[in-house]
Amino acid sequence: MRKEWSTLALLFALMLVLTACSQSSAISEPSDPKQANQLEIFSWWTGAGEEAGLQALLKVFTEKHPDIAVVNAAAAGGAGTNFKTVLATRIQKNKPPDTFQVHGGAELNEQWVAAGKMEPLNDLFTQQGWMDKFPASLVQMVSKDGKIYSIPVNVHRSNVLWYNKKVFDQYGLKPPATFDDFFKAADTLKAKGITPLALGDKEPWAATHLFESVLAGTLGPIDYNKLWSGHVHFDDPRIKLAFDTYKKMLTYVNQDHANHNWQDSVQMVGKGEAAMTVMGDWAKGYLSNDLELKLNQDFGFAPAPNTKGIFIAVTDTFGLPKGAKHPLATKKFLEVIGSAEAQDAFNPIKGSIPARLDADVNKYDEYGKTTIEDFKKDFITPSLAHGSAAPQGFVAQCNQLIHTFVAQGDVPSALTALKQAATANHIGSKK
Ligand code: GAL
């Protein structure tokens, strides 16, 4: 797989250089000097587990550009729950923020780039000498038709099982590698009166998040990827198996899951009220910084059941929307977030790994170091719940149908709804 990537990467780099040469830059600052030195950054990184990393990033930026006043315009809600609606309205009204958080993959390319809402950034990439500083797989996720549209600041891993170390040690349990192991451990825990699996799906994406790990676990990484490219069909029996497995898993979750958000479910594990949860590694930022718990003493990590060797990637990126009021300040911000210095200030706190290949591994704890290595050797697949695998319309319909499934457990209805959503959103058929 690495070989295929390197040939692809060469071709891709050539395309991007050619595109950069032919690109004209018609960007200018507002003539009103009061407006010039501002920068509105729009994200959903606010509150527990989200904000600390952003503050570290902004600190690096303001140290370098003290003359630019940052407007931190965050909209609360995990995975952009509320942010996405606000952003869509602003872009529709031609009032975009100067830059906004966006996942690489379909969310960037099929929603904003395809609608002609983003400026290409190839010139920034070449000026900064970034072409060989980011993995080709990531550059591809932020590119369309040879043009680069955003700068990745990190890579989060979606398919992580977090477990309470003391509870596991007390009952002589090991992190479950397979679905069978998971159900055995869950039975042991249930018999002891401990909630085996914490879920907090008040925001429905969290249920989709758990489902995508199960789906990757039944399909395997190659066919999980082929599902999004149309080479595996939605009536594949392993998709039914994913729903059956998911349904069984749901019999081990906390009954009040619909009243809680992702931080609550992670906190349950941190406090030992539940033994395990499947959550992206922003959970580590929350466990370490907010709950002040210790990695490998209080909590441990492992790939979600049946996903060893699979890395479901979520990359947070920032770009330059067309019509942004402060494009030059935005480019300065993008220049900073693409630097190793800023990535190494942000990611150890956020729980993610740097997008850059030359970051300083010594700044990362054992989780970060392991994840940096896994990203190099594992099979990389895009996240469905976080908008990289498929367009937003499909993700929204999946959130809806999985939310209904969690409440009703009706496998045939879920399968029908999933196939309908895929057809309605042309998943697979256009590739
Ligand atoms: C993801 C995002 C992460 C984290 C998480 C929880 O979509 O990529 O950075 O913020 O949502 O809100």
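All ligand and atom numbering here is 1-based and tracks the order in the structure. Numbering of residues begins at 1 and proceeds along the displayed sequence. Values below: every heavy atom of this structure, side chains too, minus hydrogens, waters and symmetry copies.
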For H156, take its heavy atoms, then give the atoms of ligand 1 lying under 4.0 Å from any of them.
3 (C), 9 (O)
Atoms in ligand 1 flagged as close to E50, the criterion being non-hydrogen separation under 4.0 Å:
4 (C), 6 (C), 10 (O), 12 (O)
Mind listing the closest non-hydrogen atom pair of T99 and G319 along with its distance?
OG1-O, 2.6 Å
What protein heavy atom sits nearest atom 1 (C) of ligand 1, and how far away is it?
H386 ND1, 3.4 Å
Any salt bridge between E40 and R90, counting N to O under 4.0 Å?
yes
State, without any angle test, whether T178 and D181 hold a side-chain donor-acceptor pair at a distance under 3.5 Å.
yes
Below 3.5 angstrom, do we get any N/O pair linking W205 and ligand 1?
no
Checking the N or O distance criterion of under 3.5 Å, is ligand 1 in contact with A79?
yes
Expected output: side-chain H260 to main-chain K202 donor-acceptor under 3.5 Å
no
Look only at interatomic distance and state if H103 has a nitrogen or oxygen under 3.5 Å from any nitrogen or oxygen of ligand 1.
yes
Note: ligand 1 atoms sitting under 4.0 Å from heavy atoms of G78 are 12 (O)
Can you find a heavy atom in the side chain of L215 that is under 4.5 Å from one in the side chain of I239?
yes
